[in-house]
Amino acid sequence: MQYGFKCEDCEIAIFPTTTRSELAWLRDRVHVAREVAKHSANGLDGWMMEGLDFLNDHTGHSILVVQRK
């Protein structure tokens with residue numbers, strides 16, 4: 001089972017390699033992740049950067065955490 005983000009407005013989805021709970025955490029705390037990314041010399045985990053890019057591209061849209069088999 002894979003989990004990802006889906007933009008309801010654009011009908012676009014991504015499925016980073018991570019858990020449902022981590023995706024929900026990122027969606028609910030995107031402002032925290034942005035601040036950490038600004039101050040992190042080593043960057044964030046790949047899934048987090050991919051998710052953050054997606055959330056930034058769809059700011060103001062309705063984003064769901066979805067699953068696929």
Side-chain angles (χ1 to χ4, degrees):
M1 186 92 39
Q2 287 183 304
Y3 296 95
F5 288 131
K6 180 178 180 182
C7 176
E8 286 189 304
D9 299 340
C10 302
E11 294 292 320
I12 296 172
I14 62 165
F15 293 87
T17 305
T18 192
T19 64
R20 182 185 184 286
S21 61
E22 286 179 328
L23 290 170
W25 181 91
L26 181 60
R27 184 196 58 202
D28 296 341
R29 294 168 184 83
V30 68
H31 61 286
V32 173
R34 285 183 185 133
E35 282 300 312
V36 170
K38 285 181 192 177
H39 302 288
S40 176
N42 295 330
L44 301 173
D45 286 346
W47 72 266
M48 194 176 284
M49 287 304 300
E50 185 179 356
L52 195 54
D53 288 343
F54 183 85
L55 294 173
N56 287 336
D57 290 345
H58 299 276
T59 300
H61 295 184
S62 176
I63 304 296
L64 302 174
V65 175
V66 295
Q67 69 180 16
R68 70 178 178 187
K69 294 181 182 183

- Query: Can you check side chain to side chain contact (heavy atoms under 4.5 Å, CB included) on F5 and I14, steps first, answer last?
  - Reply: CA-CA 6 Å; F5 288 131; I14 62 165; 4.2 Å; yes

- Query: Distance from L55 atom CG to H61 atom NE2, nearest 0.5 Å?
  - Reply: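 Taking CG in L55 and NE2 in H61, the distance rounds to 11.5 Å.
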
- To the nearest 0.5 Å, tell me how far L23 CG sits from Q67 CD.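 It is 12.0 Å, given to the nearest 0.5 Å.
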
Could you list all the salt bridge (Lys or Arg N to Asp or Glu O under 4.0 Å) pairs where at least one residue sits in [range], not counting sequence neighbours?
range	value
residues 1-14	K6-E11
residues 52-69	none
residues 27-43	E35-K38

Cluster link [X] to [Y], ILVMFWY, side chain under 4.5 Å:
X	Y	answer
V30	L64	no
L52	V36	yes
I12	F15	no

- Message: T19: which residues meet the side-chain contact (heavy atoms from CB on, under 4.5 Å) condition with it, sequence neighbours left out?
- Response: S21, E22

- R20: partners by side-chain contact (heavy atoms from CB on, under 4.5 Å), with sequence neighbours left out: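 For R20 the side-chain contact (heavy atoms from CB on, under 4.5 Å) partners, ignoring immediate neighbours, are Y3, V65.
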
- Task: Might you point out which heavy atoms bring T59 and N56 nearest each other, and give the distance in Å?
- Result: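 Heavy atoms only, the tightest pair is OG1-O, 2.9 Å.
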
- For P16 and W47, which heavy atoms make the closest approach, and how far apart are they? CB-CB, 3.9 Å

- Not counting sequence neighbours, which residues clear ring pair (Phe, Tyr, Trp, His ring centres under 6.0 Å) with F54? List them please. H58

- Are the side chain of S40 and the backbone of A37 linked by a donor-acceptor contact shorter than 3.5 Å?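 Judged by distance alone, no pair lies under 3.5 Å.
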
